[in-house]
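One structure is given here, and the rest of the page talks about it.
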Amino acid sequence: MEVRTRFAPSPTGYMHLGNLRTALYTYLWARRNNGKFILRIEDTDQVREVAGAVDVIYNSLRTAGLEHDEGPDVGGDYGPYVQSERKAMYLPYAKQLVEKGCAYYCFCTPERLEEARQEAEKNGGTFKYDKHCLHLSKEEVQAKLDAGEPYVIRQNVPTTGKASFDDVIYGHIEVDCDTLDDQVLIKADGLPTYNFANVIDDHTMGITHVMRGNEYLSSAPKYNLLYEAFGWEPPKYVHLTPVMCRDFQRDENGGYVLDENGEKIGITRKMSKRKGDPSFEDLLSQGYLVDAVINYMVLLGWSPRGEEEFFSLDELKKIFDLEGLSKSPSIFDMQKMNWFNAEYIRRLSDEEFYEKALPWIAQAVDPAKFDTRRIAALLKDRTEYFADIPPKIGFLARMPEYDIALYTHKKMKTDSAVSLEILTAVRPFLAGIADWTEQELHDRVMEWIPSTGMKNGTVLWPLRIAVSGLANTPGGAFEILYLLGKEESLRRIDEAIAKLQA
RNA sequence: GCCUCCAUGGUCAAGAGGCCUAAGACGUCGCCCUCUCACGGCGAAAACAGCGGUUCGAAUCCGCUUGGAGGUGCCA
């Protein structure tokens, strides 16, 4: 049988990394089996609708390279692929269940339910609908329907026995029916709840593997009851763990709360846009590479067979399996994300890197005035993500304020006095260099240093500080002198001399 | 509270009763390279949550405890 998987996001306006990973796994499983990957939009919650949110989904999937075979935009034989457009499909199915006694009309008001819920909570228990409306006679129900009373349709869960299902990752899961609530299938607005729609849609779309977040694990037995009621073969279930975030506990003032050992107290929480955790779009706009994000995300909760950890999407399509999927939540680690990205950046060709880096370089310096190719070359091994480029090279455009304490460096054997001496000596020497290329600067200065009786670092450290004002720079003294040009370099050295004399 | 699931270093994770004196990667620390930083090279510290069982033998199987995640919505 052909494998058919589906990614069924609700349009929220951005792509969570957890969702992206779900989409990725779902896509890979379909491709691995030469099956179909279907996109379905779950927009039955009209209250939370976000304008333009569907486009975000299309864009994210396209950017990530997860192309779907069927979906609202590309069509397919199992449409429509937007739940709100399937509205008319659900009620007849629900009525079928009512006929079979597996569901029933309920006319209880939200107020009555809310009251009962609070009552249950007060007593420390779980609210369960009391099947109040199950006992309405056929005539009573018809009368209320005729009178136009608002209603919902609820699943009639057995009060005894067990409900169960099998998950590919978790195995057989079984619960007592009496812990299950008579969940709403059709809402008062006529739209199905997720709980109902997913069953109908997955079945009518011929989905063979339902891969989705762990949050559905505890309701899956109820879904299976529905499949049974219809007499349908349930799909294979694959429940995926959530992607979490590691944080530290803070007090009201934003300071860290410490435990008795003076250690920060770690807390894990689900990733959330509100807490400032990055979405897929956020990462891309910070200059993360799609391939790096995909590569990192695929390994967060799944492990391949061997030691290799670099994979392209094409490779993943061949090797992805369900066995390697993890059972426990994984924490998104920004540091490893950064390492992957830096690694992907280093693997770019110089030309590719240059093209991608140029816009970011241009944010900090005027490309007309600098050798941007040389800057890019210096940056390639030092860039974790593109947004960290501008702060690294801003000093080229404008000499930063700095403290003369920077001239003191023990290992380089320099301090302010030595630096002043060196700068004063090297200034006229540099002024005499006509051919201001990096090679020439390097060769001439290196030739000259022995005559001073000092070691390389003792001369080059102050020189680099004088022209950069920074403790760390991409590239050393020669690179910076070259990039700045003769005039600007000499000007900065003059300023440094003045500063040291003051 | 109740229900379900999960539990190997700070993080991602390998591990299917003897191959475990527990792999690899990120991070951390040290050394080397070196005009700084980065890259690169070498090395180190760092884990089977606890307690009971089963077994000749347990990270691996079972139970309890603890911890974590999810559910408990006319959200998905």
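A note on names: the letters A, B, ... follow the listed sequences, proteins ahead of strands, and every chain is numbered from 1. All values below come from the heavy atoms of this structure, side chains included, with hydrogens, waters and symmetry mates left out. In this text the structure is predicted, and so the values were computed from the model without any measurement.
If you check every strand for non-hydrogen atoms under 4.0 Å, A:V152 touches a base. A:C108 comes within 4.0 angstrom of a nucleotide base, judged by non-hydrogen atoms across all strands. Among the heavy atoms of the strands lying under 4.0 Å from A:S326 are primed sugar atoms or P, OP1, OP2 only; no base atom is included. Base engagement by A:K411 is indicated by at least one non-hydrogen atom pair under 4.0 Å involving a base atom. Here A:P110 lies in heavy-atom contact (under 4.0 Å) with a base. Counting any heavy atom pair closer than 4.0 Å across all strands shown, A:K270 reaches sugar-phosphate atoms only and no base atom. Residue contacts shown for A:E114 are absent, as no nucleic acid heavy atom lies under 4.0 Å away. Using a 4.0 Å heavy-atom criterion, one finds that A:F127 contacts the sugar-phosphate atoms exclusively. If you check every strand for non-hydrogen atoms under 4.0 Å, A:T473 touches a base. Within the nucleic acid shown, A:N195 comes within 4.0 Å of at least one base atom, counting heavy atoms only. Across all strands shown, A:T268 has heavy atoms under 4.0 Å from sugar-phosphate atoms exclusively, and none from any base. As judged by a 4.0 angstrom heavy-atom cut-off over every strand, A:S218 is placed among the base-contacting residues.
Side-chain contact annotation: A:Y104 with A:D182, donor-acceptor N/O pair under 3.5 Å present. For the 3.5 Å distance criterion, the side chains of A:N472 and A:K392 fail to qualify, holding no donor opposite an acceptor. Side-chain contact, A:Y237 with A:D166: no donor N or O sits under 3.5 Å from an acceptor N or O. If you check the side chains of A:T372 and A:Y354, you find a donor sitting under 3.5 Å from an acceptor.
Shown here, B:rG18 forms a base pair with B:rC56; the pair counts as Watson-Crick or G-U wobble because both key distances fall under 3.5 Å. With a cut-off of 3.5 Å on both Watson-Crick or G-U wobble distances, the partner of B:rA45 is given as none. Partner assigned to B:rG27 is none, using Watson-Crick or G-U wobble distances below 3.5 angstrom. Across all strands shown, B:rC64 forms a Watson-Crick or G-U wobble pair, both distances under 3.5 Å, with B:rG50. Applying the Watson-Crick and G-U wobble criteria (two distances, each under 3.5 Å), B:rG40 pairs with B:rC32. B:rU4 is paired with B:rA69 under the criterion used here, namely a Watson-Crick or G-U wobble arrangement in which both key atom distances are under 3.5 Å.
Nucleotide B:rC6 holds its C1' atom 15 Å from the CD atom of A:E215, rounded to whole Å. Atom CG in A:L113 sits about 15 Å away from atom C1' in B:rU72, given to the nearest Å. Atoms CZ (A:R212) and C1' (B:rC75) sit 15 Å apart, rounded to a whole Å. The distance between atom CG of A:L378 and atom C1' of B:rU34, rounded to the nearest whole Å, is 15 Å. Nucleotide B:rU36 holds its C1' atom 7 Å from the NE2 atom of A:H409, rounded to whole Å. Protein atom CH2 of A:W339 is 16 Å distant from nucleotide atom C1' of B:rU28, rounded to whole Å.
In this structure, A:R347 satisfies the cation-pi test against A:F310, with its NZ or CZ atom closer than 6.0 Å to the six-membered ring centre and inside 45 degrees of the ring normal. Judged by a 6.0 Å distance limit and a 45° cone about the ring axis, A:R154 is positioned over the six-membered ring of A:Y129.
The aromatic rings of A:Y296 and A:F332 lie perpendicular to each other, with more than 60° between the two planes, well past the 30° mark.
Contact of A:R464 with B:rU36 (side chain to base): a donor-acceptor pair of N or O atoms is detected under 3.5 Å. For A:R382 and B:rC37, a side-chain-to-base donor-acceptor distance below 3.5 Å is present, hydrogens and geometry of angles not being considered.
A salt bridge links A:D202 with A:R40: the distance from a Lys NZ or Arg NE/NH1/NH2 to an Asp or Glu carboxylate oxygen falls below 4.0 Å.
In summary, of the residues considered (A:F340, A:Y288, A:Y344), a ring pair (Phe, Tyr, Trp, His ring centres under 6.0 Å) with A:Y385 occurs for A:Y288 alone.
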Interface polar pairs with nucleotides 20-24 of chain B, N/O, under 3.5 angstrom:
from: B:rG24; atom 1: O4'; to: A:E307; atom 2: OE2; distance (Å): 3.2

